[in-house]
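Accompanying notes for the structure given below.
Both ligands and their constituent atoms are indexed starting at 1 by order of listing. Atom set for the values below is all heavy atoms of this structure, side chains included, hydrogens, waters and symmetry mates excluded.
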Amino acid sequence: MLPPGDIQGIRDGTSHMRICIFGAGAVGSHIAVRLARAGHEVSCVMRGAHLEAVRANGLKLRVGDSEVTAKVNASGDPAQLGPQDVVISTLKATALTGLVASIKPLLQDDTAIVFAQNGIPWWYGIGLPPRHPTPPDISFLDPGGRLRACIPKERIVGGVVFSSNEVTAPGVVQNLTPDRNRLLIGECDDRNCERITRLRGVLNDARLESPPVAEIREAIWSKLLTNMSLSVLCLLTGQTARAACVTTRPLPMSFRAC
Ligand SMILES: NC(=O)C1=CN([C@@H]2O[C@H](COP(=O)(O)OP(=O)(O)OC[C@H]3O[C@@H](n4cnc5c(N)ncnc54)[C@H](OP(=O)(O)O)[C@@H]3O)[C@@H](O)[C@H]2O)C=CC1
Ligand SMILES: CC(C)(CO)C(=O)C(=O)O
């Protein structure tokens, strides 16, 4: 089997799905290329110079010195992309109102929406298993309750991203973590069901690791706590996360920075 970082080998997947990446910037463009190269029909809701470049030349993924290009349907208007089997939102939390305003044409009766973003998500209190403590008021994550009103519980799939990416030029995304690209997913009530199993298979086949997750909120907190501590270290030292992790004596260095 090819190593996870090998992008030339991503192709010829067997199952075919219509998948839309809503808000294809850094993380979303990386996911889009991998899924398209795995044989799925991928659409991207994107905008600006990135959209224009993708329309003209396709979506390019660079990993180290390698580059692959994927053909995706790209538009700023979801109505031009049509109904999908799955929508993966890679919008930042603050941009989710854009999804509310225009997602309808992408949805069939059973279309799942994966919210692939890190941090506490707007849907955190929906489907909360009984053993979990009741969260404090987090309604500010969904101003005016617009997401709740538009997206029923049955469509929600939680997603936690472990993958570092950057749009380095319009139409070009650079993946900085070829050895570790993960998208953990789970139903908002942690139930096991066929659609999650199938979606994990689709992601794994595209070299986006998606191992089983027993409790999606545990994965959310675990990633959030890592980001909170590592991001502070990066901020204080001016280093990238990778450099901060491999620095031989991180603790004395971080104390000096304080
Ligand atoms: N970048 C990374 O390496 C990582 C990011 N994440 C998480 O992934 C999520 C996304 O981050 P990231 O990919 O970096 O963010 P980006 O800003 O690169 O991607 C979001 C994209 O959505 C576009 N967009 C926003 N609103 C709309 C709209 N209404 N219609 C069409 N396009 C729209 C933005 O366009 P525009 O630029 O014009 O606003 C942008 O291109 C965040 O939750 C982040 O925490 C997690 C792990 C790593
Ligand atoms: C901090 C960062 C970008 C590290 O890759 C990340 O994981 C996130 O945005 O959640």
Margin query: Which of the numbered atoms in ligand 1 are under 4.0 angstrom from any heavy atom belonging to Gln117?
Written below: 43 (O)

Check: For ligand 1, is Gly48 a contact, meaning one of its heavy atoms is under 4.0 Å away?
Finding: no

Margin query: Tell me every residue that passes side chain to side chain contact (heavy atoms under 4.5 Å, CB included) with Arg195, counting only those two or more places apart in sequence or in another chain.
Written below: Ala112, Val157, Glu187, Arg191, Cys193

Next item on the list: Can you sort out which atoms of ligand 1 are near Lys92, meaning under 4.0 Å from one of its heavy atoms?
Entry: 11 (O), 15 (O), 17 (O)

Next item on the list: Can you see which heavy atom on Ser210 is nearest to which on Asn204, and at what distance?
Entry: N-OD1, 2.7 Å

Note to self: Using a 3.5 Å distance criterion without hydrogens, assess whether the side chain of His50 forms a donor-acceptor pair with backbone atoms of Pro170.
What the structure shows: no

Notebook entry, point to check: Which one of Met46, Arg47, His30 has a non-hydrogen atom at the shortest distance from atom 36 (P) of ligand 1?
Noted result: Arg47

Check: Under 4.0 Å from any heavy atom of Ser164, which atoms of ligand 1 are there?
Finding: 3 (O)

Notebook entry, point to check: Would you say the side chain of Arg207 lies within less than 4.5 Å of the side chain of Asn181, judging by non-hydrogen atoms?
Noted result: no

Checklist line | Proximal candidate to atom 25 (C) of ligand 1 [heavy atom criterion; set Val167, Val161, Leu51, Leu91] | finding: Leu91

Next item on the list: Test Met228 against every option in Leu224, Leu230, Thr226, Val232 by the side chain to side chain contact (heavy atoms under 4.5 Å, CB included) rule and name the one that passes.
Entry: Leu224

Notebook entry, point to check: Is Gly76 near ligand 1, meaning one of its heavy atoms is under 4.0 Å from it?
Noted result: no

Margin query: Is there a polar contact, in the sense of an N or O pair closer than 3.5 Å, between Gly28 and ligand 1?
Written below: no

Item checked: Lys223 vs Arg182 side-chain heavy atoms within contact, under 4.5 Å -> no

Notebook entry, point to check: Can you check whether Pro129 reaches Arg217 side chain to side chain, under 4.5 Å on heavy atoms?
Noted result: yes

Notebook entry, point to check: Counting from 1, what ligand 1 atoms have a heavy atom of Val27 closer than 4.0 Å?
Noted result: 1 (N), 2 (C), 4 (C), 5 (C), 6 (N), 8 (O), 13 (O), 48 (C)

